There are 2 protein chains.
Amino acid sequence: MKQYCKFESALDILIGKWKPVILLQLIANGAMRFSELQKAIPGINKKMLTQQLRELEYNDIVHREVYHQIPPKVEYSISEYGQSLGAVLQVMNDWGTAHIDHMNMLYGAEDRSEQE
Amino acid sequence: MKQYCKFESALDILIGKWKPVILLQLIANGAMRFSELQKAIPGINKKMLTQQLRELEYNDIVHREVYHQIPPKVEYSISEYGQSLGAVLQVMNDWGTAHIDHMNMLYGAEDRSEQE
DNA sequence: CTGCATCCGAACCGATACTG
DNA sequence: CAGTATCGGTTCGGATGCAG
């Protein structure tokens with residue numbers, strides 16, 4: 001029996017190269033339009049943004065407000081339910097910060113993630 | 001700049017198809033041998049197990065006790081530092097459980113993960 | 001028994017072009 | 001402006017076989 005599948009369900013929300021960035025943007029800025037997100041996240045393209053957004057939307061983390069008009073306008077925002085993710089994000093961010101510190105302690109200032 | 005990189009650092013520990021399973025096994029059973037883990041996790045093979053284990057080891061989450069003898073014996077266990085992950089796991093597991101419930105509420109009993 | 005190297009397939013990421 | 005479709009590259013997951 002798969003006890004860990006619950007775990008993976010939670011993980012499933014956050015995995016994906018752009019999920020955390022999108023969530024952080026939405027949390028920080030509230031509702032954002034498609035183009036707003038695209039501008040706020042350098043290096044992303046429409047396909048990726050749409051894809052990740054749809055997954056987030058499917059999981060009821062973000063809410064999509066569609067304005068069927070010309071010009072088309074779509075706003076994305078964190079849903080009520082999605083805000084419960086904030087605590088999880090907080091814990092992970094906190095641990096992640098401590099972890100980076102711990103890594104630096106072990107291996108020095110080596111940056112194993114990426115460099116600007 | 002990259003505020004979310006802390007986030008990804010934390011995420012980096014948990015992502016990977018088998019990381020959660022390995023961690024859960026190690027937490028539940030304490031120190032385990034290589035073959036123990038292999039038996040405890042159906043569907044995994046040596047390469048994957050070794051790979052994930054080495055990443056976990058690099059991040060100082062698990063400790064590898066090597067017995068250079070015949071027959072070779074290696075025991076893996078959660079390190080002191082790695083136990084701090086327990087809290088994160090707990091939060092994610094808790095949220096994941098609630099999330100599954102929420103998904104079922106929205107989409108019925110659809111199992112979007114996998115079936116036994 | 002434990003771990004590594006190689007190869008293969010699948011999933012994911014990404015850029016461009018096209019539609020409403 | 002928002003989104004889809006298609007194609008290609010890169011990474012990741014996985015099976016097998018070899019070595020200490």
Side-chain angles (χ1 to χ4, degrees), chain A residues 2 4-5 7-9 11-23 25-26 29 31-59 62-77 112-114, chain B residues 2 4-5 7-9 11-23 25-26 29 31-59 62-77 112-114:
Chain A
K2 303 172 180 296
Y4 52 87
C5 73
F7 206 85
E8 293 182 341
S9 295
L11 223 44
D12 212 43
I13 312 298
L14 288 330
I15 59 176
K17 187 171 184 179
W18 301 103
K19 295 261 183 67
V21 200
I22 296 175
L23 255 18
Q25 285 293 329
L26 253 26
N29 303 307
M32 297 180 74
R33 299 183 58 174
F34 189 89
S35 50
E36 297 277 5
L37 280 168
Q38 201 171 359
K39 280 181 292 185
I41 305 174
I44 202 174
N45 54 31
K46 298 177 182 178
K47 181 200 168 188
M48 280 296 100
L49 187 51
T50 305
Q51 183 178 301
Q52 307 280 292
L53 241 20
R54 291 195 94 209
E55 290 184 30
L56 257 18
E57 184 193 358
Y58 176 83
N59 288 288
V62 304
H63 174 66
R64 179 169 66 168
E65 189 73 41
V66 185
Y67 299 82
H68 266 291
Q69 59 190 31
I70 304 297
K73 180 171 128 184
V74 181
E75 278 190 343
Y76 293 90
S77 55
R112 55 180 297 276
S113 319
E114 57 198 320
Chain B
K2 301 174 179 297
Y4 51 88
C5 72
F7 206 85
E8 294 181 340
S9 295
L11 222 44
D12 210 44
I13 312 299
L14 288 331
I15 59 178
K17 189 172 183 181
W18 301 103
K19 294 259 184 67
V21 201
I22 295 175
L23 256 17
Q25 286 292 330
L26 251 25
N29 302 307
M32 295 180 74
R33 300 185 57 176
F34 188 89
S35 50
E36 296 278 3
L37 281 167
Q38 201 171 0
K39 280 183 291 184
I41 305 173
I44 203 174
N45 53 32
K46 299 176 185 177
K47 180 200 167 190
M48 282 296 101
L49 188 52
T50 304
Q51 184 178 301
Q52 309 279 292
L53 241 21
R54 292 196 94 211
E55 291 184 29
L56 257 19
E57 183 192 358
Y58 175 84
N59 288 288
V62 302
H63 174 68
R64 179 170 65 169
E65 188 72 43
V66 186
Y67 300 82
H68 266 293
Q69 57 188 35
I70 303 298
K73 178 172 131 184
V74 180
E75 277 189 345
Y76 294 90
S77 55
R112 52 182 297 276
S113 320
E114 53 195 323

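Model, not experiment: these values are computed from the prediction. Note on naming: letters A, B, ... go to the chains in the order of the sequence lines (proteins, then strands), and numbering restarts at 1 for each one.
Contact check, Gln51(A) against dC12(C): no side-chain N or O comes under 4.0 Å of OP1 or OP2. Side-chain nitrogen and oxygen atoms of Asn45(A) include none within less than 4.0 Å of the OP1 or OP2 phosphate oxygen of dG14(C). Considering only side-chain N and O atoms, Trp18(A) lies nowhere under 4.0 angstrom from the phosphate OP1 or OP2 of dC12(C). One finds no side-chain N or O of Arg33(B) lying less than 4.0 angstrom from the OP1 or OP2 phosphate oxygen of dC1(C).
The CD atom of Glu36(B) lies 11.0 Å from the CG atom of Leu26(B); values are rounded to the nearest 0.5 Å.
Rounded to whole angstrom, the span from the NZ atom of Lys17(A) across to the C1' atom of dC12(D) amounts to 14 Å. Counting to the nearest Å, the C1' atom of dG13(D) and the NZ atom of Lys19(B) are 13 Å from each other. Remark: C1' of dC12(C) and CD1 of Ile15(B) are 12 Å apart, rounded to the nearest angstrom. In this structure, Met48(B) atom CE and dC4(C) atom P are separated by 13 Å, rounded to whole Å. For the pair Asp12(B) CG and dT11(D) P, the interatomic distance rounds to 15 Å; values are reported in whole Å. Counting to the nearest Å, the P atom of dC12(C) and the CG atom of Leu11(B) are 15 Å from each other. Atom CD1 in Ile41(B) sits about 14 Å away from atom P in dG13(D), given to the nearest Å. The separation between Tyr67(A) atom OH and dA2(D) atom P is 11 Å, rounded to whole Å.
Contact between Lys17(A) and Glu8(B) at its shortest, heavy atoms only, is O-OE2, 3.8 Å. The minimum heavy-atom distance linking Gln25(A) with Ala40(A) is given by the pair OE1-CB, 3.5 Å. Nearest heavy atom pair, residue Leu14(A) against residue Leu11(B), reads O-CD2, 3.6 Å. Between Ile41(A) and Ile44(A) the shortest heavy-atom distance is O-CG2, 3.3 Å. Between Ile13(A) and Lys19(A), the shortest heavy-atom distance links the atoms O-CD, 3.3 Å. Nearest heavy-atom pair across Leu49(A) and Phe34(A) is CD2-O, 3.7 Å.
Taking the C1' atoms of five terminal pairs at each end of the helix from dC1(C)-dG20(D) to dG20(C)-dC1(D), the two resulting helix axes are inclined by 30°, rounded to 10°.
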>> Set out, in order, the CA-CA distance, both residues' side-chain angles and the distance that settles side chain to side chain contact (heavy atoms under 4.5 Å, CB included) for Leu37(A) and Leu53(A), then state yes or no.
In response: CA-CA 10 Å; Leu37(A) 280 168; Leu53(A) 241 20; 4.0 Å; yes

Pull out every protein N or O sitting under 3.5 Å from an N or O of nucleotides 3-9 of chain D, one pair per line with the distance.
unit_1, atom_1, unit_2, atom_2, d
dG3(D), OP1, Tyr76(A), OH, 3.1
dG3(D), OP2, Tyr76(A), OH, 3.0
dG3(D), O6, Lys46(A), NZ, 2.9

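Taking the side-chain contact (heavy atoms from CB on, under 4.5 Å) definition, one finds that Glu75(B) meets it with Ala31(B), Arg33(B), Glu65(B), Tyr67(B), Lys73(B), sequence neighbours left out.
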